[in-house]
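Note on naming: letters A, B, ... go to the chains in the order of the sequence lines (proteins, then strands), and numbering restarts at 1 for each one. Side chains are part of it too, since the values below use all heavy atoms of this structure and drop only hydrogens, waters and symmetry mates.
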Amino acid sequence: MMNCASSPGSYSQSSLDSQDSSSSMSAPSPMSVTASPHPYQNILVLTPDQVVAELPYLRIIEQPVEKFRFRYKSEMMGTHGSILGRSSDRNRKKTYPTVELRNYDGPAIIRCSLYTTHQVMGERMPHTHRLVVRADNEDKDDPHDFAVSPEVGYRAVFQGMGIIHTAKKHIMDELVKKKRVRLLETLRARNVNITSLTTKDEIKIRSEAEAEAKRMNLNSVCLCFEAFVRENGVLKPICDPVYSSPINNMKSALTGELKICRIDKHVSSCLGNEEVFILVEKVGKKNIRIKFFELDDEDNEVWCDYGKFSELDVHHQYAIVFRTPPYRDTEIDKTVDVFLQLYRPTDGDCSEPIKFAYKPSDKTGRAARKRQRTSLTDEIPLPVALAQPTSNPLLASFVPPSQASPSVDQPNSEGSDLFEDILNECPNNGMNSSEFKEFMKNLSISSLVSTYVETFDANELLGDGDLPLDFCTMDISTDGSSKLTVTKRTTPLSRDPGIDATVAAKLSHVSKDDTQMQPRNCVQKETSMDGEQLAKWAVARLNELLLEKPPKHVLASKVHEIFGKKKDDGDGPLHCAILYDMKDLLKQMFTVLGKGQYRPIIDDRNLKDETPLHLAVMQNQHETVKTLLTIGANPNIITKQGDLPLHLAVSASHNECISELLRYNSSRDCNLTNYNGCTPLHIAAREKNLIAVMKLVNAGADVNKEDTLLGRTVLHVAVEEGCVDIARYLLEKTNIDVNAANYAGNTALHGAVVFEGPESRELCRLLLQYKANPRQENYILEGDGDVEFCTEVEIKEEPESEDDFDDEYQLRIAEGETEDEAINSKARGQTSLDLATNKKDILALLQKVVPAEVEEMVEIKEEPSDTPILEGVLGEVKNGLFDSETLMRLCDILDKSGGWQHLAELLDYKFLVTSIRSTASPSKLLFNYADLHGNVSIQDIRSFLEALDEHEAVEAVDLMLARRIASSSQIS
DNA sequence: TGTCATTTCCC
DNA sequence: CGGGAAATGAC
């Protein structure tokens, strides 16, 4: 029926039949027909074709918005928003749901009322919610009638309507009320004299309402539009009603808007399984999925998969922690752009997609990617790429000027090398070096390239209308002046003409291999460049700038301008080059930025306040980290999460980066807590990274610093993680307070006792050995908050027994009881012994320590720190074993020969080998460990080195010893 | 007890 | 207006 009305073209005889014989709405009673002939009364004698022309119908001109907030009655004080038309524009023109009555003459009434979205009991029903219009501070309920006529036109615009969400408990009432009015009206349409409903009708309404109430979808409604003619005080339908598209309740998790508000990271390895956090608008954990998909250049979905998470990973309907699915190809050698969106299975609704990228896994190798980079299809010809001239498609098409330019400037040195290379590769150009340089200058190729990224307007360049956009190759020539001539060349692409010029231009640059053209970002063409583009763009501009050789101050300001260009997330070119690990580009940037005056660029922050250094650290690009630090990057900037680069390095166990950073971080910064309250040292322990712990301690990290969240020292954390080696190191080698209590009063020993795992015992033994006190009590849980909480609970639970006691009495009881409780539990806190009652072996261990023994152990503790006598003599000793010069020399030798591995074995540090192998200098870590661990002497090391035939190393050690002896004898 | 939906409140 | 969040209730 609805279709019939809204699309008159589809009318058929059968639809006429059904209309004639259908429900009450069509007023089929013979009486109404005879009583008042309708203008179209004679339709039955017309042929179907004629009917099409004649029959009145309603047409929805403007649909209502898809989402709207339904408000409860209690929130209807004041005005809120009204239902707008779907094509309403926020700031431009507001529209409203609008219908038009067609093929009708004379006055009519168009009515709007609230209906169910779907058939409830075989047909659509009035909805229990109320469609209200505010008039004189009163909410007038639906139906809303709108008078139309030839004079005012036949369009009914329904402005200012709101939806009142009837509370569950009132659903029945509302439904019954609406049904009554409706039925009465239909009855009166047949018989004006009817003024009330029969009991039978009432009962029927009630039972219907009851059934419907249960099945009614409270989060989705429709507008129902009807047309009537008023005759003798009653309304008679003119045609079938039409229904709007559904309006969904914006507040509901079932129909509310799906939205990704924030995301943790935008990149994952193509192997997937990387943890990502997203914050989302309200979702139901049982009804939400995270869809990854990829589009080809025609915007067809070519791949999709879903993030992995369980219901437990959906946090309070507002956040999801999931793992990325693997990309369809785990062997990719360059970053692939995909999209990510929320998907709601029940209604198939999706959020706006956001960009996400898959990067090659480390395993598939950087080398492979390197090779790929030189390929034509990927590389856009930038000046940078000119270093690999064979890969530059533009170059091949150049038509050299017939007469070489005679005047030659002395080129700057940077440009010179570049051009030299090109010349070597393109001997056929018939120009000497300086001629070619001049040629390039005139051609101004770099400006073309940069224009391309900025939004290259192909139409403008090519001459309006002259050439269509669907070309894919073009020749570029020059007549010797600085003018460019661009010629179209065949091969139409037959693409969507709506494609933006940027993409078309891009195609022209990569057109050597037609089969591989892959314009990306078609979907998001309006938004800014992606990271790779931005980095390339910046370097292109930089090179261009260098060619121009502007005066210094101009150069500086232009450089700032270039690096001031940001992506939406605040990442600048430098950030991007790091994120995508574009080493060549980075090098180019650094050569410019390294000049010293560009600190602000080097320390540029994105929207998360991450500097390039942060990103490099996160990506474990230690070379880049090193370079950044060398050229003056500030290692003491914190992100919005309160993280120093050092925190991030430690979090990710990127040990080389840690070392680099520690060279520049002051010891104060080593102890800085991030917004999780943790110092780098805490994080290192949490990551079970002994090496990092050692490095940090060596660099001056305070082992007794508490985390600000729970008041734990690094020892607490080590114990919590079951890290025996870290705990041992801390106890043996540092002055950590073994009995330090966290905010709950718990010592490390408390933690060791309750630790679930086989390490529990070893930890306890270790802690006890270093005079941990098993009788130290933790704090009793008390505090105003808890007491009050108790009080309220009491009050709530008690009243059953006595109905009539007054507030004061309640309060007194409550207070009394809490006091009692406090007294009871105040007895004492729990000791480690208390906690060990269900762990027999641990208990036995603890019980061995009688209070007296604790005293004794204090003395034992003093012993192990074998303060090197030499240290007092030789102030500059860093390592404790070797002076820095010797250490460097030894490391150099052993790193090269690989001898450090054997040495590690001989020193019983075999377990270290794997963890230090991949570091910049394993020997150094080995020696640091040896030093800190303290059970090795220089003589030991010397004899081991001798045994290993590391003669050079032995010599270095001897040299040092000789020097020491000499200097100490001098002193004495 | 925790989670989620419903309802009310408030800026 | 338009939005966020607390309070309450149901499971």
Peer 1: Indicate whether the side chain of D571(A) and that of N606(A) have a donor and an acceptor atom separated by less than 3.5 Å.
Peer 2: yes
Peer 1: Under a 4.0 Å N-O cut-off, is there an ion pair linking E720(A) with R686(A)?
Peer 2: no
Peer 1: Could you list all N or O pairs between the protein and nucleotides 9-11 of chain C that sit under 3.5 Å apart?
Peer 2:
none

Peer 1: Separation of M250(A) atom CE from dG4(C) atom C1', in whole Å?
Peer 2: 12 Å
Peer 1: Keeping H575(A) on the side-chain end and K566(A) on the backbone end, is there a donor-acceptor pair under 3.5 Å?
Peer 2: no
Peer 1: Using a strict 4.0 Å threshold on nitrogen-to-oxygen distance, state whether R182(A) and E185(A) make a salt bridge.
Peer 2: no
Peer 1: Spell out yes or no: do the side chain of R69(A) and the base of dG2(C) have one donor N/O and one acceptor N/O closer than 3.5 Å?
Peer 2: no
Peer 1: Between P on dA7(C) and OH on Y72(A), what's the gap in Å once rounded to a whole number?
Peer 2: 17 Å
Peer 1: Taking atom types as they are modelled, would you say the side chain of E75(A) forms a donor-acceptor pair with the base of dC9(B) within the 3.5 Å cutoff?
Peer 2: yes
Peer 1: With nearest nucleotide decided by heavy atoms, which residue, T79(A) or E281(A), maps closer to the 5′ end of DNA chain C?
Peer 2: T79(A)
Peer 1: Is there side-chain contact between K178(A) and M125(A), with at least one heavy-atom pair below 4.5 Å?
Peer 2: no
Peer 1: Would you mind reading off the distance between N249(A) atom CG and dA5(B) atom C1', rounded to a whole angstrom?
Peer 2: 11 Å
Peer 1: Quick one: K169(A) NZ to dT8(C) P, roughly how many Å, whole number?
Peer 2: 13 Å
Peer 1: Mind calculating the distance between NZ (K168(A)) and C1' (dT7(B)) to the nearest angstrom?
Peer 2: 11 Å
Peer 1: Tell me: CG of N219(A) to P of dT7(B), nearest whole Å?
Peer 2: 10 Å
Peer 1: If you check the H80(A) side chain, which of dG2(C), dT6(B), dA5(B) turns out closest?
Peer 2: dG2(C)
Peer 1: For the pair made of CD1 in I164(A) and P in dT7(B), what is the distance, rounded to whole Å?
Peer 2: 14 Å
Peer 1: Rounded to whole Å, please give me the gap between NZ in K251(A) and P in dA5(B).
Peer 2: 13 Å
Peer 1: Just to be sure I understand the rule, does K282(A) reach a base, reach only the sugar-phosphate, or reach nothing, if contact means heavy atoms closer than 4.0 Å?
Peer 2: base
Peer 1: Could you tell me if T747(A) and Q776(A) have a donor-acceptor pair between their side chains, going purely by distance under 3.5 Å?
Peer 2: no
Peer 1: Distance-only, no hydrogens or angles: does the Q341(A) side chain make a donor-acceptor pair with backbone N or O of C350(A) under 3.5 Å?
Peer 2: no
